[in-house]
Engineer: 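Once you've had a glance at the structure underneath, I'll fire off some questions.
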Amino acid sequence: MKTEVKTKEGVSKTEILHLTPSNAAFVRRNSLLSLTFTEEDGGQRVEKRVILKRAFPFDMPWQYIAVLDAHEREIGMIEALSLFDAETEALLREELARIYYTPKIRRILSMKERYGFSYWQVDTDDGDLSFTVQDTFRNLLRIGEDRLAIFDVDGNRFEIESLAALDRKSYKKIELYL
Amino acid sequence: MFFLKKWEIPLELDRLPPDILSIAEEKGIRYEDILITFYTDKNADFGVADTYILVTGQRLLSVCGTRALEKRVGRHSYTTEHLRGVFHIDSIEEYALDQLKSFRLTEHLSGASLIVEGEEGPRLLAVMSGFCKQSAQVFVRYANRLLKEGRVTVDEEDLPKNHACPTCGMRYPDKNRHICPHCMKRGSLFGRMLKFFFKYKGYLIVTLLSLLAMTLLGTLTPYLSSGFFFDEVLDEGGSFYGRVAFLLFLIVGTRLITAFFTMVNNYVTSVIAARVVYDLKKVIFGSIGRLSLGFFTARQTGGLMTQVNRDSNTIYEFFCDGVPYFIVNIVQTVVLAVLLFVINPLLALCSLCTVPLFLFVMKWLYKNQSRLHARCYSGSSRLNSFLADVLSGIRVVKAFSREQDEIGRFDERNRRVAESDRNLAVYNNYVFPLSSLILYAGNIIAWAVGGFMVMKGIGGMTYGSLLTFIAYINMIYTPMNFFVTMVNRTADCSNAMQRLFEIMDARPEVSEKENPVRIEKFRGDVTFREVDFSYNKSRKVIDSVSFSVKAGERLGIVGHTGAGKSTLANLLIRLYDTDSGDILIDGYSVRDLAFEDLYRNIAIVSQETYLFVGTVLDNIRYACPDATPQEVISAAKLAGCHDFIMKMPDGYETRIGFGYKDLSGGERQRISIARAILRDPKILILDEATAAMDTETERRIQEAIERLTVGKTTIMIAHRLSTLREADFLVVIEGGRIAERGTQSELLQKEDGVYRKLYTLQQEALKNAGIAE
């Protein structure tokens, strides 16, 4: 009998723990995001560094954000950033923008395929960049119909936000790989 | 390289510019004291910036700012770009090392943050894009070592390497071989391939000669049937006037000789084709077999073989078809051009002026066509992979009744393929006929100008020579067409050769020693001595593991999934080599032993069983093909698979393999155990061998194993503890380290022990299911 009770507790514990303004306070310390979390029994837990992680990075970038401790164990989830006051929301958005930083490609200046690598020169919102992609077909990821993520050999990620909005010359350079 | 002759920083991950060094000097840091230098390309707000970090024995200095650069290159660490330009300082931070606890790298989606753990908590030290990530990992490793040990001793391997060609900046296809295919001479590539074809030189010469003969005869025919016919036979003043029969004889004769050469050529080509492709594949498959497992995990193996097939065909076609035709076409063009100019230089000049235009237009058309081709190809391969995906998951599709949605998705892809097919067909049918108009323009010019010349008698033009001229003009365009495609074929071929040479030249990471120690029969003592191993340098999978098993003992290795248990087995059979530490068998390092002895004396039954396409008998006998039927049957009985094998329609000669539709997981496993039993090894590794079986079967196999392992060193790997009941002693692995060791009862006595916890958990699970042990 005893074990059965245990399992039930286990199930309820695996339910989502929501972080809301009432139990969580975020501040920036030493350029890192830290969290003061009030547990159900009133105890306070201070995490000097927390990591944010999106559950649905493409469809709901500002909702369902997991908050992890320094050892990447989940503390809880933020259902929507808008639940927090403007200042905290801005702080969290800023932190997410950092973690999910991806240069957005505006124009492809040149793209050459040679011996299994493709060499790119692009114009991004972060200035002109050049990077190398191995096995081009497998490192271009279509996100939905219109978005494209590109992964280079160094583990960088680049994005084309809208293929439809890309100028014709740029589009022609990557068309074959889509 | 430039501003200092000899640089003495032990770990110079990035070169520091002079202005940063003078900032350091202002802070009282002499460059003799600098131990580590490192550069990142972002500031704390992820903006583009330049952050320089330098570490001495006592201090860490971080200088953040921006350098005015005309152009930023992706990989700063390997260029000298960030050394130039005026530097604008934003912030300088200084830390005393004795107040720092550790460094840590947190990876982001794209890039990473370098965090330092200090006395008053963690602190963001630097942010970087992926370009600096690799050297950041090295930085963290050495900086932490510096904090712990107080000094830096650098492995040669960790020093920053240039993975891109210094001349053109392109990445090397193989990190270990610094050969830039772009800067390498094309000629040497083709030269190497030619050597391969050298043994067929007899055939190639015959092909070439017959092709040349065909061409020359081909140019003769139009002359005979037009110019010669009209001017020499039909014309009253001709030297063969009226001798029509003689002309017919000539024409038929040349046709016959042409036919003969065509036959010779076709025969030789078909003989040589099969042999060259056979040879190429043999060489490549031979090299593939030689390579270590690491090579295959780095690539997709399935794709590898199709690629090899396609590449060897490309190369064959280029050398046996492309090159001879190329030579022939050059000859033909030259001969035709000479003939045209001999007939009438002025007319030739007029009508050949369309050739450059034709070449240009054709090149453009082919480019567009290949684009359309590629679109068709990628569309249909996407359709195929979609089909394969849905069909293999058809049970799930039906279970959730999603058929309609899948049909819809299929339809969409199908429509796209149909569209691109139609575009290609339209293109081929409309554009190419139009392009031949240009060709025709040359003709028309010849008719017009030539006709005018014949009428006025300019330049001695006759009716017959005009006809010959026009026939030749038409012939000269065929090689032109070929030349345009030849450019692409050369590029394709050199790519294919590049890929094949890459495989042929790849050096196996694990290789046999030159004069290995030979031991016919192992005793079976196994010792792991402080073994470290990682698949990639960043994360240790095995962290200083030591244990030893005496001959005939049974060792159990327990641990969670992913703790590194199977890796230990892979290291023992040398699928990989250890990073440091050693593995000894009978007192010899496995690195010193001959592969043959190693594999003959060790057998592994793993969680992934692989059965080859063939009969059950072939599969059981795979490890020792000369086993007698008697031995095979007793091995099968020992492994507990005799009974179900006999129930199959063809007994031991039932064909299995290819998806194993006919065998269950447990049956497959038992066959692979029989395979190991037949090998009669001195060391037996059971890597989750019974994981795929029900308790009943497992118990039966346990008995089989018990009988089998008498007198053999046995290493049993499992996460299910019931499997390990027979082990003499146990090693508990957690996160790549040995957490506990001892006999089962010793481990159970440990309060708070990992093993005890696992044991109670599994006992409870059994109790819940109503099976108390």
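Atom set for the values below is all heavy atoms of this structure, side chains included, hydrogens, waters and symmetry mates excluded. Chain identifiers are assigned alphabetically (A, B, ...) following the order of the sequence lines, protein sequences preceding nucleic acid strands; residue numbering begins at 1 within each chain.
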Engineer: So what's closer than 4.5 Å to chain A heavy atoms on B:Ser113: side chain, backbone, both or neither?
Structural biologist: neither
Engineer: Heavy-atom distance under 4.5 Å between the side chains of B:Ile115 and A:Arg49, does that happen here?
Structural biologist: yes
Engineer: Just checking A:Glu87: does its CD atom have more than 12 heavy atoms from other residues, nucleotides or ligands closer to it than 6.0 angstrom?
Structural biologist: no
Engineer: Only heavy atoms, only distances under 4.5 angstrom. Which residues in residues 20-31 of chain A are near chain B?
Structural biologist: A:Arg29, A:Asn30, A:Ser31
Engineer: Does atom OH of A:Tyr64 have more than 12 heavy-atom neighbours, drawn from other residues, nucleotides or ligands, at distances under 6.0 Å?
Structural biologist: no
Engineer: Within the supplied structure, the quantity of interest is the number of heavy atoms (other residues, nucleotides, ligands) at a distance under 6.0 Å from A:Arg107 CZ; does it exceed 12?
Structural biologist: no
Engineer: So for atom NZ, which belongs to B:Lys757, do other residues, nucleotides or ligands contribute more than 12 heavy atoms lying within a distance under 6.0 Å?
Structural biologist: no
Engineer: Distance check, rounded to the nearest 0.5 Å: A:Ile51 atom CD1 versus B:His108 atom NE2?
Structural biologist: 7.5 Å
Engineer: Rounded to the nearest 0.5 Å, what's the gap from CG on A:Asn156 to CE on B:Met128? Could you check?
Structural biologist: 11.5 Å
Engineer: Measure A:Lys172 against the heavy atoms of chain B and call it side chain, backbone, both or neither at under 4.5 Å.
Structural biologist: both
